[in-house]
Amino acid sequence: MIRIDKPIQEPEVLRTRGRKRRGGMASLYTRFSDDYDRGKKVFTFDATIYGPRSVKKVLTEAQHDKCCYCEAKVTPVAYGDIEHFRPKGKVAEDDAHPGYYWLAYEWSNLLFACQKCNQRFKRTFFPLRDPSKRARSHHDDLSQEEPLLIHPVEEDPQQYVGFYKQEAISIDGNLRGKTTIEVLGLNRIELLEARLFRYRGVEMLYRIARHTEKKSVPPDILTDAQTGLRDAVKDHAPYVSMVRSAMANQFWLKGASSASPGAPT
Ligand SMILES: [Zn+2]
């Protein structure tokens, strides 16, 4: 996971249809907030408001076509999901919770994720450090919650989740990193394999550019390797958080000095 630079301005459909539906604006629509206050606890949501092409386009651009959690490139092989960071219709940890219905069309709650991260792993999980502080309706104060999952827009995930080679690790054993890795399945076998493939490729570039007798490398190959390395640490590159950890630790190669987070002790 890396930090995502998402536009502050919400897409038009959320500003118009979304706001009317969630409340806070007089309209002809039935509002979620009014429905809840009248006793409704089960809500239905309109994917044409939170997940139309216009919303997805803004998110995929901001996220460089990558899943907000696993950093796999999504759009070449799948449509991907609009993911609700706080689950909209149900909370796995609390059967009686109606879900964060009031955030279903809230821009700050929307991310772009691959189907595996969203549908197979995260689903409706939203663990908190202190479950008694969970917001249960639009009347409650979300700022009282301390989510154990890392929000990739509001904070820098690389402070919590590092890597040892292709394996995601919790930096200094912190609980939020550990929970995020477990809940999102960030060490599932398919991801470990994909990241290993990437790791080996970038390690080879690194060895050519930095770790070999440079005089023995033809100049054009050296230049290509250096260019490849520069590209591999840019936000648009797949699994860049892993690559950055590897670069900081000089790929744990023999003789490399390493004191960066992510190195096993
Ligand atoms: Zn994913």
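Nearest heavy atoms, Val58 versus Pro11: CG2-CG, 4.3 Å. Of all non-hydrogen atoms in Leu229 and Ala209, the two that sit nearest each other are CD1-CB, 3.7 Å. For the residue pair Ile82 and Gly51, the shortest heavy atom distance occurs at CG1-CA, 3.7 Å. When every heavy atom of Leu191 is checked against every heavy atom of Cys70, the shortest pair comes out as CD1-CB, 3.6 Å. Between Thr75 and Thr60 the shortest heavy-atom distance is CG2-CG2, 4.2 Å. Considering all non-hydrogen atoms of both residues, Asp81 and Cys114 come closest at OD2-O, 4.5 Å.
No donor-acceptor pair under 3.5 Å is formed between the side chain of Lys90 and the backbone N or O of His97. Judged by distance alone, with hydrogens and angles left aside, the side-chain atoms of Asn174 form a donor-acceptor pair with the main-chain N or O of Tyr160 at under 3.5 Å. A donor-acceptor pair is defined here as one N or O able to donate and one able to accept, closer than 3.5 Å; such a pair exists between the side chain of Gln63 and the backbone of Phe112. With hydrogens and angles disregarded, a donor-acceptor distance shorter than 3.5 Å links the side chain of Arg3 to the backbone of Glu154. A donor-acceptor distance shorter than 3.5 angstrom exists from the side chain of Asn187 to the backbone of Ala168, with no hydrogens or angles considered. No donor-acceptor distance shorter than 3.5 angstrom exists from the side chain of Trp107 to the backbone of Arg15, with no hydrogens or angles considered. Between the side chain of Asn109 and the backbone N or O of Arg86, at least one donor-acceptor pair lies under 3.5 Å.
Here CD of Glu167 is found 12.0 Å from OG of Ser245. Values are rounded to the nearest 0.5 Å. With values rounded to the nearest 0.5 angstrom, Cys68 atom SG is found 8.5 Å from His151 atom NE2. With rounding to the nearest 0.5 Å, the separation of CD1 in Ile4 from NZ in Lys66 is 9.0 Å. Here the CG atom belonging to Leu186 is positioned 12.5 Å from the CD1 atom belonging to Ile169, to the nearest 0.5 angstrom. For the atom pair CG (Leu184) and SG (Cys117), the distance works out to 6.0 Å, reported to the nearest 0.5 Å. Taking CG from Leu103 and CG from Leu142, the interatomic distance works out to 5.5 Å, rounded to the nearest 0.5 Å.
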Show your working on side-chain contact (heavy atoms from CB on, under 4.5 Å) between Ile171 and Gln159 and close with a plain yes or no.
-> CA-CA 7 Å; Ile171 293 172; Gln159 293 188 349; 5.8 Å; no

Just do the side chain to side chain donor-acceptor pair (under 3.5 Å) check on Thr48 and Arg17 with the steps written out, would you?
-> CA-CA 10 Å; Thr48 68; Arg17 292 175 63 206; 3.1 Å; yes

Might you work through the side chain to side chain donor-acceptor pair (under 3.5 Å) test for His139 and Asp37, ending with a clear yes or no?
-> CA-CA 10 Å; His139 296 295; Asp37 290 341; 2.7 Å; yes

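In this structure, the side chains of Leu111 and Pro152 come closer than 4.5 Å at one or more pairs of heavy atoms. Using a 4.5 Å heavy-atom cutoff, the side chains of Leu14 and Leu110 are in contact. Using a 4.5 Å heavy-atom threshold, the side chains of Glu71 and Ser241 count as touching. Here the side chains of Pro238 and Arg198 are in contact, with some heavy-atom distance below 4.5 Å. Side-chain contact between Val91 and Arg134 is present, with heavy atoms from C-beta onward closer than 4.5 Å. Proximity of Arg188 to Lys116: side-chain heavy atoms (C-beta onward) are separated by under 4.5 Å at one or more points. In this structure the side chain of Pro157 never reaches within 4.5 angstrom of the side chain of Ile2, judged on heavy atoms. By the 4.5 Å heavy-atom criterion applied to side chains, Pro98 and Ser137 are not counted as neighbours.
Atom NZ of Lys73 sits in a crowded spot, with more than 12 heavy atoms from other residues, nucleotides or ligands closer than 6.0 Å. Around NZ of Lys57, the count of heavy atoms belonging to other residues, nucleotides or ligands within 6.0 Å does not exceed 12. Atom CG of Asp141 is surrounded by more than 12 heavy atoms from other residues, nucleotides or ligands within 6.0 Å. Around CD of Glu12, the count of heavy atoms belonging to other residues, nucleotides or ligands within 6.0 Å does not exceed 12. For CG of Asp5, the number of neighbouring non-hydrogen atoms (other residues, nucleotides, ligands) closer than 6.0 Å is 12 at most.
Paired with Trp252 under the rule ring-ring contact (aromatic ring centres under 6.0 Å, His included), one option of Tyr206, Tyr164, Phe163 passes, and it is Tyr164. When each of Gln115, Gln119, Lys122 is paired with Glu83, the side chain to side chain donor-acceptor pair (under 3.5 Å) condition holds for Lys122 and for no other. Checked against Tyr50 for a side chain to side chain contact (heavy atoms under 4.5 Å, CB included), the options Lys56, Glu106, Lys88 give a single hit: Lys88.
Salt-bridge formation is detected for the pair Glu10/Arg19: a Lys NZ or Arg NE/NH1/NH2 atom is positioned less than 4.0 Å from an Asp or Glu carboxylate oxygen. For the pair Asp94 and Arg136, the salt-bridge criterion is met [side-chain N within less than 4.0 Å of a carboxylate O]. One finds a salt bridge joining Asp235 and Arg244 here, because a Lys/Arg side-chain nitrogen approaches an Asp/Glu carboxylate oxygen to under 4.0 Å. Here Glu145 does not pair with Lys133 in a salt bridge; the nearest charged N to carboxylate O distance is not below 4.0 Å. Checked for salt-bridge contact, Arg176 and Glu155 meet the test: a charged N lies under 4.0 Å from a carboxylate O.
Put simply, Val233 and Leu253 are part of the same group of oily side chains (I, L, V, M, F, W, Y) that touch within less than 4.5 Å, one to the next. Both Leu149 and Val161 belong to a single network of hydrophobic side chains, linked directly or stepwise wherever heavy atoms of I, L, V, M, F, W or Y lie under 4.5 Å apart. By the criterion of side-chain heavy atoms lying less than 4.5 angstrom apart, applied directly or through intervening Ile, Leu, Val, Met, Phe, Trp or Tyr residues, Phe121 is not grouped with Val183; the two fall into different hydrophobic clusters. By the criterion of side-chain heavy atoms lying less than 4.5 angstrom apart, applied directly or through intervening Ile, Leu, Val, Met, Phe, Trp or Tyr residues, Tyr101 is grouped together with Val13 in one hydrophobic cluster. Residues Leu128 and Ile150 share a single hydrophobic cluster, defined by chaining ILVMFWY side chains whose heavy atoms lie under 4.5 Å apart.
Taking the centre of each ring, Trp102 and Tyr36 stay at or above the 6.0 Å mark. Not less than 6.0 angstrom separates the ring centroid of Tyr199 from the ring centroid of Tyr239. For Tyr69 and Phe85, the distance between ring centers is not under 6.0 angstrom.
Under the 30°/60° scheme for interplanar angles, the aromatic rings of Phe126 and Tyr100 are found to stand perpendicular.
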